[in-house]
There are 2 protein chains.
Amino acid sequence: MAELSPAERRRQRVRDMILNAAEKVFAEEGETGLSIRRLADEIDYSPAAIYKYFGSKDDLVEELKSAFFARLMSKVEATYAAHEEYLDRCRACIQTYIYTALERPHHYTAAFSGVQEHDAGGDEARWDEFVESTSGQAYIMFRDLIDQGRQQGVFPEIDTAVATKSAWASMHGLVMLMIHLPHFPGSFPDSEAIDRETFIARHADLLVRGLSAKKM
Amino acid sequence: MAELSPAERRRQRVRDMILNAAEKVFAEEGETGLSIRRLADEIDYSPAAIYKYFGSKDDLVEELKSAFFARLMSKVEATYAAHEEYLDRCRACIQTYIYTALERPHHYTAAFSGVQEHDAGGDEARWDEFVESTSGQAYIMFRDLIDQGRQQGVFPEIDTAVATKSAWASMHGLVMLMIHLPHFPGSFPDSEAIDRETFIARHADLLVRGLSAKKM
DNA sequence: TTGACAAAGTGAACGGCGTTTACTTTTTTG
DNA sequence: CAAAAAAGTAAACGCCGTTCACTTTGTCAA
């Protein structure tokens, strides 16, 4: 079962030290605060040593991001399993996604950063790549969830793929606004204060309502 | 009428040169590609000269962002004026927001960057600040639009502030996903290809449908 | 056990960055 | 025209990611 030699174990330990130090800094300060030199300092190695374990700073950050996304996915899966009734399950999964994303705002935003040019050409080779990517997994999971709703007639008039993308956008947008606007959604003096929990629940409601509605 | 002295005119010209060069680079490459030294090079001045016109790189970028957001707002306002029927107006404004944001992805994302800590304490002094900020203006405008719907009974059961924030999140999320995922929403082999125009229209539809629906 | 080879680790450097400081040149103005 | 103010600059500071030549340490077959 893949026994590790002492050398491999040692290597693994150092690698983990780097990752742990990086995770800590990144969670608190994001990519801005994370520098190879600072990391090296914290683990008492030279900066150059880190390059024996990671090809580049981006590679390192990539690993932080995908570890986070794996956790996000497994949390949503657990929520899925914990709810029987379909609409409950929907709302709960949406909320779990949002809450978990908010636990690590720097990770979540970093996972969706970097402007992509929109290749109109149907470059379908990228689909495989996407499915294995962090965001791809989120898409697949919610697509399956929503398609159940279509099959059961709860969402009578939707196209699964379109509805999934819309719903995802809606969740994603809420997370992003909450991360970037310090007073969202509460403490707007133009309305009664509303706390995050109730707002998230209401947002999930609105979303489900839109999916359930018949065309106008 | 605030006549400008020749000195002031000259100063203004140089300032604009800097801003134009910055705008060009930023539109194409975002904050990554924008450096003071490169800017100085392009306009044939020394790097230090730029600091006679802008306090910092962030100040400069701030000006690019708010100029963009002003354009975004005025486009949405024009769309507002161009549509009479209420639901048409709603859908059209949503779509204009999305399209204009997508014209300058680097500007739009930069305007929503930087993780904020969530001051639970009702720090209401920030409201004034928010109202004058770029994102604050977007909020106010859509809030007024949606409140019209409530008053007219088109959106019968909504709370204006909550609905506005949800709707905004929904638009914002779509823009962000389109910017960050190269194949969104089309060219997913799990469904028929769908182009951006139709998808945006459908997304706006779904949103309006949610707002119109009665509680379940 | 030893000698060769690989792996781990390092100090110093390269080229880039935002920004500041001390300085010179140009322009405005009393 | 002199003095004050503004515009512009070269050089440096302290960061950054990354690379390279080098030394140290560990592994393993003869």
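Heavy-atom basis, side chains included; hydrogens, waters and symmetry copies ignored. A note on names: the letters A, B, ... follow the listed sequences, proteins ahead of strands, and every chain is numbered from 1.
Aromatic ring centres of A:His172 and A:Tyr108 lie closer together than 6.0 Å.
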Can you check each nucleotide of nucleotides 24-30 of chain C against protein heavy atoms at under 4.0 Å and return B for base, S for sugar-phosphate only, - for none, in 5' to 3' order?
---SS--
Using a cut-off of 4.0 Å between protein heavy atoms and nucleotide atoms, how would you tag nucleotides 14-24 of chain D 5' to 3' with B, S and -?
--BBBBB----
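Ion pair A:Lys57/A:Glu31 not flagged as a salt bridge, since none of the NZ, NE, NH1 or NH2 atoms sits closer than 4.0 Å to an Asp/Glu carboxylate oxygen.
For A:Arg150, the side chain to side chain donor-acceptor pair (under 3.5 Å) partners are A:Asp147, A:Thr160, not counting sequence neighbours. In this view, A:Phe142 and A:Tyr97 satisfy the ring pair (Phe, Tyr, Trp, His ring centres under 6.0 Å) rule, not counting sequence neighbours. A:His203 is linked by a ring pair (Phe, Tyr, Trp, His ring centres under 6.0 Å) to nothing, counting only residues two or more places apart in sequence or in another chain.
For the pair B:Gln12 CD and D:dA6 C1', the interatomic distance rounds to 16 Å; values are reported in whole Å. One can place CZ of B:Arg15 at 17 Å from C1' of D:dG8, the figure rounded to the nearest angstrom. For the pair A:Arg9 CZ and C:dA8 C1', the interatomic distance rounds to 17 Å; values are reported in whole Å. For B:Tyr45 and D:dA6, the OH to C1' distance is 13 Å, given to the nearest whole Å. For the pair B:Glu31 CD and C:dG16 C1', the computed distance is 16 Å after rounding to whole Å. Distance CD1 (A:Ile43) to P (C:dA8): 14 Å, rounded to an integer number of Å. Going from atom CG of B:Leu39 over to atom P of C:dT19 covers 12 Å, rounded to whole Å. Distance CG (A:Asp41) to C1' (C:dG11): 15 Å, rounded to an integer number of Å.
Looking at heavy atoms from C-beta onward, A:Arg11 lies in side-chain contact with A:Tyr53 at the 4.5 angstrom threshold.
Residue B:Arg11 has its side chain nearest to D:dA7 when only C:dT10, D:dG8, D:dA7 are considered.
There is a side-chain donor-acceptor pair under 3.5 Å between B:His107 and B:Glu23.
The shortest distance between the side-chain N/O atoms of A:Tyr53 and the OP1/OP2 oxygens of C:dG9 is below 4.0 Å.
Side chain of A:Thr100 to main chain of A:Thr96: a donor-acceptor pair is present (N/O by atom type, distance under 3.5 Å, no hydrogens or angles).
Here salt bridge (Lys or Arg N to Asp or Glu O under 4.0 Å) pairs that include residues 34-46 of chain B, with residues two or more places apart or in two chains, are B:Glu29-B:Arg38, B:Arg38-B:Glu42.
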